[in-house]
There are 2 protein chains.
Amino acid sequence: MASEPATSQPSSKAEPERSKVTFRRPDRDPTRPVYVISVAASIVSVHPRTLRIYEEEGFICPARTPTNIRLYSENDVRRVLWIRHLTQNLGVNLAGVRILFELEERLGTRILERLYSEATSGERPESAPATASAAPSAVEA
Amino acid sequence: MASEPATSQPSSKAEPERSKVTFRRPDRDPTRPVYVISVAASIVSVHPRTLRIYEEEGFICPARTPTNIRLYSENDVRRVLWIRHLTQNLGVNLAGVRILFELEERLGTRILERLYSEATSGERPESAPATASAAPSAVEA
DNA sequence: AGAAACCTATCAATGATGTTGTCAAGAGAT
DNA sequence: ATCTCTTGACAACATCATTGATAGGTTTCT
């Protein structure tokens, strides 16, 4: 398992077992499949098993070598990072992630990045209470 | 607990304990708080405890009588019905519901109703796989 | 050849979440 | 007195997400 499909990346044979090995990620073509599963898992700080599950669930679709090895692209990694942000930071479950992804595709806009950019701006709006019955006005008996 | 704040609604004292009692829901002002918690819970087919939790979580904000009794409006009920659709039918957790609600408010559009209307049209699109690395093209070794 | 990493498939442990149910004490209405 | 509501707290149960492990097989590298 040493096929280095093109890009000269830092040796992934150093077995990055959750170690703090840093990777210079290729910034050429984000759609190019370049990472084997162990590397992708390390980049994203997730278990390889989790990556496989995400694929089974249809969230990502990494490329395959002729010998059936998964290769993840930069876009795959970003997508997983986004899923992790939603699930770990915001607590959204996978069904929710699915809905959000579908929304994004349906609306044809990057609504998630809009939300993300506002979240990183430290705006962190309060979870607004229901707009319905806005003022819990006491009702006259 | 007999303050009937205005609308003459079917007697809620019949103790609708998940029974199949049907209610003629007032269709005048959807923001008017008219249902006590037991009635609202029955309409939505949910446990009263759950309604309280939804309120604690900030999803709904029912009105209160001078004696601290919750009164839910039609809009509250609709909002809970929508939450239930997301959680029970689509499997979204409450954190996901929260994100979707925030999105809706932020975009100032009824994206959820758009999704809902398409879901009820029996369209039920497949969970599209990741748009990244669309074609899992085999990579030459 | 042997080791490591990949593959699929399966099972299991653990922690978190959501819903429901219960109890206690109190308040309000009939 | 009885019923329904309130708050607060606790608990049971089912489900989900993540991680971990095992088995058997394949591929790659030394």
Side-chain angles (χ1 to χ4, degrees), chain A residues 1-5 11-18 33 35-42 44-57 59 62-72 80 83-99 136 138-139 141, chain B residues 1-5 11-18 33 35-42 44-57 59 62-72 80 83-99 136 138-139 141:
Chain A
M1 218 310 287
S3 64
E4 196 104 5
S11 173
S12 61
K13 301 196 196 61
E15 194 66 320
E17 191 83 301
R18 296 287 176 84
Y35 306 120
V36 289
I37 193 166
S38 57
V39 174
S42 180
V44 187
S45 299
V46 72
H47 198 278
R49 178 88 184 98
T50 306
L51 286 183
R52 293 192 183 101
I53 290 172
Y54 285 172
E55 181 185 1
E56 290 166 14
E57 294 289 334
F59 290 114
R64 295 287 185 131
T65 66
T67 56
N68 207 28
I69 301 291
R70 291 175 177 83
L71 287 182
Y72 294 82
V80 175
I83 292 173
R84 299 298 280 181
H85 171 64
L86 291 173
T87 57
Q88 304 302 308
N89 298 341
L90 302 184
V92 181
N93 66 354
L94 293 185
V97 171
R98 176 166 290 116
I99 299 293
V139 181
Chain B
M1 215 309 286
S3 64
E4 196 105 4
S11 174
S12 61
K13 304 194 192 61
E15 192 70 323
E17 190 84 290
R18 295 286 176 83
Y35 307 119
V36 289
I37 193 166
S38 58
V39 174
S42 179
V44 185
S45 298
V46 71
H47 198 278
R49 180 88 186 96
T50 306
L51 285 184
R52 293 193 183 101
I53 290 172
Y54 285 171
E55 183 185 356
E56 289 167 15
E57 294 288 336
F59 290 114
R64 296 285 188 135
T65 65
T67 56
N68 209 27
I69 301 290
R70 291 176 175 82
L71 288 181
Y72 295 81
V80 175
I83 292 172
R84 299 297 282 182
H85 171 63
L86 290 174
T87 57
Q88 304 302 308
N89 297 341
L90 301 184
V92 181
N93 65 356
L94 293 185
V97 171
R98 175 167 291 117
I99 298 294
V139 181

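Within every chain, numbering begins at 1; the chains are lettered A, B, ... in the order of the sequence lines, protein sequences first and strands thereafter.
For the atom pair CZ (B/Arg84) and CG (B/Leu86), the distance works out to 11.0 Å, reported to the nearest 0.5 Å. Taking CD1 of B/Ile99 as the start and CG of A/Leu90 as the end, the distance is 4.5 Å to the nearest 0.5 Å.
Rounded to whole Å, atom C1' of C/dT19 lies 14 Å from atom CZ of B/Phe59. At whole-Å resolution of the value, CD1 in A/Ile37 and P in D/dT19 are 12 Å apart. As rounded to whole Å, 11 Å separates atom P of C/dA9 from atom CD of A/Glu55. If you measure from atom CD1 of B/Ile69 to atom C1' of C/dA29, you get 10 Å, rounded to the nearest angstrom. Note: OH (A/Tyr72) to P (C/dA5) measures 16 Å, nearest angstrom. Atom CG of B/Asn89 and atom P of C/dG18 are 16 Å apart (whole Å).
Between A/Val80 and A/Tyr72, the closest side-chain pair of non-hydrogen atoms is not below 4.5 Å.
Among the heavy atoms of the strands lying under 4.0 Å from A/Arg52 is at least one base atom, whether or not backbone atoms are also near.
The side chain of A/His47 lies closest to D/dT19, out of D/dT19, D/dT7, C/dA5. Considering only the side chain of B/Ile53, C/dT20 comes nearest among C/dT20, D/dT27, D/dG20.
Projected onto DNA chain C by closest heavy-atom contact, A/Glu56 and A/Asn68 fall at different nucleotides, the more 5' of which corresponds to A/Asn68. Positionally, the nearest nucleotide of DNA chain D for A/Thr50 lies more toward the 5' end than for the other of A/Thr50 and A/Thr67.
The phosphate of C/dG28 has neither OP1 nor OP2 within less than 4.0 Å of any side-chain N or O from B/Arg64. Between A/Arg70 and C/dC6 there is no side-chain polar atom (N or O) within less than 4.0 angstrom of OP1 or OP2. A/Ser38 has a side-chain polar atom (N or O) that falls below the 4.0 Å cut-off from OP1 or OP2 of C/dC6.
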Could you pull out the protein-nucleic contacts involving nucleotides 11-17 of chain D (nitrogen or oxygen on both sides, under 3.5 Å)?
| unit_1 | atom_1 | unit_2 | atom_2 | d |
| --- | --- | --- | --- | --- |
| D/dA17 | OP1 | A/Leu94 | N | 2.9 |

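Nearest heavy atoms, B/His47 versus B/Ala41: C-CB, 4.3 Å. Annotation for B/Pro33 and B/Leu71: closest pair CB-O, 3.5 Å, computed over non-hydrogen atoms. Here the shortest heavy-atom pairing between B/Pro48 and B/Ile37 reads O-CD1, 3.7 Å. Closest approach of B/Phe59 to B/Leu94, counting heavy atoms only: CZ-O, 3.3 Å.
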